[in-house]
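Here the structure is laid out as structure tokens; the discussion comes afterwards.
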Amino acid sequence: MVDDVLRLRLALLASAFRGGRRLARTAVVAVLLVGGAWGALLLADRFDPQDSGHRAALVVIASVLALALAVAPLTSGLGSAMEPRRFAPFPIPAPRLAGALALAGALGVQGLGVLVGLVAFLTAWAGTEAEGVAAATGLAGAVTVILAGQALVAIAAQVAVAPTSVRTVTHFARGVVALCLVTATTAAVLADRGRDDDELGELASVLAATPLGVPWATPGAAGDATGWGIVGSILLAGMLGLGWALLVQRLLEAPERQRLAPRSRGLGLLDVVPATQGGVIAARSILYWTRDPRYRLALVALPIAPVLMMLALAVAGVDASLLWLIPLPVLALFLGWFSHNDVAYDHTAVWLHVAAHVRGASDRWGRAVPPLLLGVPLVLLLAPLCALWSGLPGAAPLLAGVSLGLLLTGIGVSSVASAAAPYPAPRPGAGPFDQPPLTAATAGWSQGLSMLTILVLMSPALVLAWLGLTSDPAMLGVAAGVGAATGPVVLVLGVLLGGRVFRRRAPELLDLVLRT
Amino acid sequence: MKKGGGTKKSTATKKSVAATQGATQQRESPAPAPPVPASPPPPAPRRDAPVVLRVEGLRKRFGRTTAVDGIDLTVRRGEIYGFVGPNGAGKTTSLSMMTGLLRPDGGSVVVGEDDVWRSPEEAKRALGVLPDRMRLFDRLTGAQMLYYCGVLHGLDRHTARSRSDDLARALALEGALDRPVADYSIGMIKKVSLAAALIHSPRLLVLDEPFEGVDPVSTAQAIDLLRAYARAGGTVVLSSHNMDLVERVCDAVAVIVGGAILAEGSLDEVRAGSSLEERFVELAGGRTAVEGLEWLTTFSD
């Protein structure tokens with residue numbers, strides 16, 4: 001029976017290599033896994049058991065990665081073919097089924113991740129006297145993570161029956177994983193720099209007192225604590241195993257929760273926004289940004305440009321502290337610039353705005369909402385993080401100010417450009433790589449000119465930032481202030497001017513999209 | 001200030017629809033004879049009713065070709081006005097210019113008191129438009145689409161929702177409202193577009209090929225709706241290739257050929273004794289004798 005379950009599991013895994021879209025997804029996951037494994041082993045190799053900062057960082061990194069791996073199975077949706085309830089019709093005793101399913105669960109992306117993590121953990125402690133302790137607690141920890149992941153999926157599938165709650169669970173899990181990865185990276189950078197060992201140590205000692213951290217903190221502990229830690233780790237794994245068995249038993253007997261599907265006649269996002277022209281246009285814009293492949297591709301591609309720039313400059317030998325200053329402003333610039341052809345993306349549907357004689361500024365504000373909603377929190381969250389990774393004093397306000405300035409200036413300029421100089425875009429429903437049926441010379445200069453305008457308008461802040469970085473650090477704060485001030489001013493002016501242009505040129509815009 | 005006024009006015013218009021409908025029915029059927037829904041004789045609008053749409057010297061050239069060559073039209077209140085012409089005659093171009101979607105090279109379009117191109121704000125509030133071959137925001141559901149149009153035209157949340165529901169019921173769209181417009185058939189898209197054109201209760205409706213691809217039942221429903229609207233004082237301009245339909249529905253007709261109006265007036269004036277179709281073919285240049293296709297009658301087997 002056990003090999004039947006395992007064979008089923010392997011067949012399911014093999015299906016990930018079939019078909020175009022799934023294969024692409026599998027490839028992405030594989031790249032991430034290989035990259036993660038490489039990074040983890042590299043870190044483990046550099047681990048110095050004598051350094052208290054390193055020891056603390058190891059506890060923090062291992063704990064948060066364990067959390068990420070435990071939550072990871074939730075990220076790919078609920079309700080797999082390996083749900084315990086699917087086996088209810090077969091005469092399999094519950095404890096045996098629980099064992100088989102746990103074993104099958106270990107085969108897969110999560111299991112692979114856990115294996116890599118375990119190897120890295122053991123590598124870190126290899127050659128020290130704590131080697132044996134690390135093997136015991138690490139193994140117990142790995143089992144705990146795998147069982148916890150299985151149990152979480154089973155419980156979540158039981159609790160979340162409506163599609164919206166399933167989506168909430170998966171998004172939440174993805175958020176947790178992302179947060180954990182960021183925390184782990186930060187801890188690694190901080191330990192490497194060795195300036196914040198005390199804070200790391202504090203965090204590690206807090207984690208060591210929780211079930212999350214016990215298996216990973218024990219090898220670094222001294223005296224009695226080691227023994228208790230080993231017992232605790234094994235007890236934890238045992239308790240989860242028992243819990244899993246009970247859970248499987250319960251799932252096999254309890255009736256399935258029915259999905260109550262109330263036929264909601266809601267308007268979705270349109271119910272949430274104010275019933276004004278700007279409000280509904282904003283809601284419609286958000287729906288298009290999230291659902292239309294033409295927008296989604298751009299969103300996926302956005303982070304690529306900064307990463308490529310970073311790689312190129314890293315190869316060129318630019319200092320790491322400067323390197324970390326690059327991605328966020330570049331991201332903000334492209335995000336703001338992205339909507340410079342927004343009207344053409346509507347294609348002829350823009351007639352609705354023309355026929356209703358929509359106020360120009362309302363149209364522009366509505367279209368500005370998605371990049372603002374996405375960009376502003378992104379900048380505010382990532383600015384301190386990038387500054388932390390960079391380690392340059394005063395980098396956080398600089399990054400926040402300049403990036404916000406670039407984002408808002410970009411949106412302001414785009415507001416004018418999309419009304420004044422639209423060019424043929426892929427039609428709605430077309431693939432993002434499809435060429436528009438008519439390419440125009442306007443495309444080139446419209447793209448170039450709008451990008452150039454953003455940079456020129458932001459040049460005071462950019463020049464000041466450059467001066468601050470190269471000669472006078474006092475200029476960094478000024479650059480941040482100038483950037484943060486330029487953005488809102490250009491945004492408001494751009495929206496007002498773009499609104500006037502849009503209203504005056506509306507029939508010409510319609511004419512352009514009609515001809516393409 | 002302006003917006004509030006508009007909303008109030010439109011609510012008033014809606015009320016008067018019901019009132020006038022009731023009045024008309026009383027006037028029409030004093031006898032107990034059952035009403036015949038198939039062909040209620042439309043009360044011919046008097047030719048001295050106030051002018052709702054006046055088009056003068058409207059012109060448009062695309063490069064070297066003249067698409068519309070100085071047309072004049074007068075449409076009066078309560079009329080259902082048919083705009084007919086062969087393919088490429090300039091119907092869509094003319095209607096687009098009348099509704100403020102395409103800038104004319106010359107001429108004027110006045111809706112009520114307001115010029116569409118000089119004071120678009122007021123003119124467009126009085127206009128409901130269904131253009132041909134233009135997209136909708138088709139990732140929205142039908143319900144979202146109608147609500148979107150309503151709010152763009154200045155309706156408040158409650159009015160936009162309740163009118164969407166009313167229109168969906170009247171046009172048999174109810175089952176489809178929760179599906180994205182991208183999944184609709186052409187006929188369904190026409191129906192939801194008609195609903196979108198009506199949602200702000202305009203004084204003048206301009207419909208370009210409103211019944212193309214629409215099934216007969218829905219066409220009959222839509223025609224009933226347009227008749228009720230016209231009886232209540234609304235005005236409709238519609239273009240169509242379907243002469244029978246135009247003959248059945250319209251009070252007045254304009255025939256446009258090669259960008260010029262060749263005949264205009266009440267239905268009886270234009271068809272002048274024969275059927276509209278015969279008259280139309282005659283105006284459009286007559287049937288050309290089929291020559292040079294002799295091979296078509298020598299079948300290959």
Side-chain angles (χ1 to χ4, degrees), chain A residues 263-296 345-360 362-363 366 427-430 503-515, chain B residues 3 62 92 96-97 99-104 116-117 119-125 127-141 143-161 164-165 168 174 177-178 180-182 193 196-197 199-200 202 206:
Chain A
R263 293 264 305 140
S264 66
R265 278 285 311 277
L267 297 174
L269 206 53
L270 286 167
D271 270 333
V272 183
V273 297
T276 59
Q277 293 186 337
V280 291
I281 292 172
R284 201 265 308 159
S285 258
I286 294 172
L287 287 177
Y288 268 72
W289 276 64
T290 48
R291 287 194 201 150
D292 193 306
R294 295 170 303 160
Y295 289 91
R296 283 173 66 169
Y345 275 45
D346 291 352
H347 205 246
T348 45
V350 77
W351 78 265
L352 286 165
H353 292 203
V354 183
H357 207 58
V358 171
R359 276 184 301 280
S362 303
D363 180 277
R427 293 171 180 218
R503 222 175 187 184
R504 221 188 43 237
R505 278 180 39 96
E508 281 70 33
L509 294 177
L510 197 53
D511 193 42
L512 173 101
V513 285
L514 260 176
R515 276 187 284 113
Chain B
K3 199 175 87 181
F62 292 112
T92 297
S96 300
M97 290 192 288
T99 49
L101 298 180
L102 178 68
R103 201 184 293 280
V116 172
W117 290 97
S119 43
E121 177 107 41
E122 293 76 17
K124 282 179 178 173
R125 198 178 300 142
L127 260 175
V129 188
L130 188 168
D132 191 27
R133 260 169 263 137
M134 295 233 192
R135 287 169 188 277
L136 300 175
F137 285 111
D138 55 11
R139 277 176 201 277
L140 303 183
T141 65
Q144 285 177 329
M145 225 346 264
L146 291 180
Y147 177 82
Y148 188 73
C149 290
V151 175
L152 284 192
H153 276 105
L155 301 186
D156 61 56
R157 191 184 297 274
H158 176 73
T159 317
R161 287 205 72 153
S164 304
D165 291 346
E174 282 162 308
L177 274 192
D178 289 337
V181 176
S193 303
I199 198 158
H200 59 296
V206 179

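Every heavy atom of this structure was used, including side-chain atoms; hydrogens, water molecules and symmetry mates were not. In what follows, chains carry the letters A, B, and so on, assigned in the order in which the sequence lines appear, proteins first and then strands, with residues in each chain numbered from 1.
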Discussion item. Counting heavy-atom pairs under 4.5 Å with chain B, which one of A:Pro274, A:Ala355, A:Gly278 comes out on top?
Written reply: A:Ala355
Fill in: Test item: A:Leu514 and B:Met134 side chains (from C-beta on) under 4.5 Å apart, heavy atoms
yes
Worksheet entry | 4.5 Å side-chain heavy-atom contact, B:Leu140 and A:Arg284 | yes
Fill in: For the student: nearest non-hydrogen atoms of A:Leu270 and B:Arg157, plus distance
O-NH1, 3.6 Å
Worksheet item: Rounded to the nearest 0.5 Å, how far apart are CZ of B:Arg135 and NE2 of A:His347?
Response: 5.5 Å
Item to complete: Could you tell me which of B:Pro131, B:Ala197, B:Cys149 has the largest number of non-hydrogen atom pairs under 4.5 Å with chain A?
Response: B:Pro131
Discussion item. Applying side-chain hydrogen bond (donor to acceptor under 3.5 Å, both in side chains), can you list everything that pairs with A:Thr348, at least two apart in sequence or on another chain?
Written reply: none
Worksheet entry | Validation row: B:Lys124, A:Val354 side chains within 4.5 angstrom (heavy atoms) | yes
Worksheet entry | Donor-acceptor contact present, side-chain B:Tyr147 to main-chain A:Val280, <3.5 Å | no
Discussion item. For A:Leu352, which atoms come within 4.5 Å of any heavy atom of chain B: side chain, backbone, both, or neither?
Written reply: both
Fill in: Leading residue by heavy atom contact count with chain B [cutoff under 4.5 Å; candidates A:Asp346, A:Val350, A:Leu509, A:Leu287]
A:Asp346
Worksheet item: Is any side-chain heavy atom of A:Asp271 less than 4.5 Å from a side-chain heavy atom of B:Arg161?
Response: yes
Worksheet entry | Qualifying residues under side chain to side chain contact (heavy atoms under 4.5 Å, CB included), relative to B:Thr141, sequence neighbours excluded | B:Ala143, B:Gln144
Response to the item:
Residue from B:Gly100, B:Ser96, B:Ala123, B:Pro120 scoring the most non-hydrogen pairs under 4.5 Å with chain A is B:Pro120
Fill in: Interchain contact, B:Met145 with chain A, by part (heavy-atom threshold 4.5 Å)
side chain
Item to complete: Could you check which of B:Val129, B:Leu136, B:Leu101 has the highest count of heavy-atom pairs closer than 4.5 Å to chain A?
Response: B:Leu101
Practice prompt. Heavy-atom distances under 4.5 Å only: say whether B:Phe137 touches chain A with side chain, backbone, both or neither.
Written response: both
Worksheet entry | Closest heavy-atom pair and its distance - A:Arg503, B:Glu121 | NH2-OE1, 3.4 Å
Discussion item. Between B:Leu127 and chain A, with a heavy-atom cut-off of 4.5 Å, which part of the residue counts as in contact: side chain, backbone, both or neither?
Written reply: neither
Worksheet item: Do A:Leu510 and B:Leu102 have side-chain heavy atoms sitting under 4.5 Å apart?
Response: no
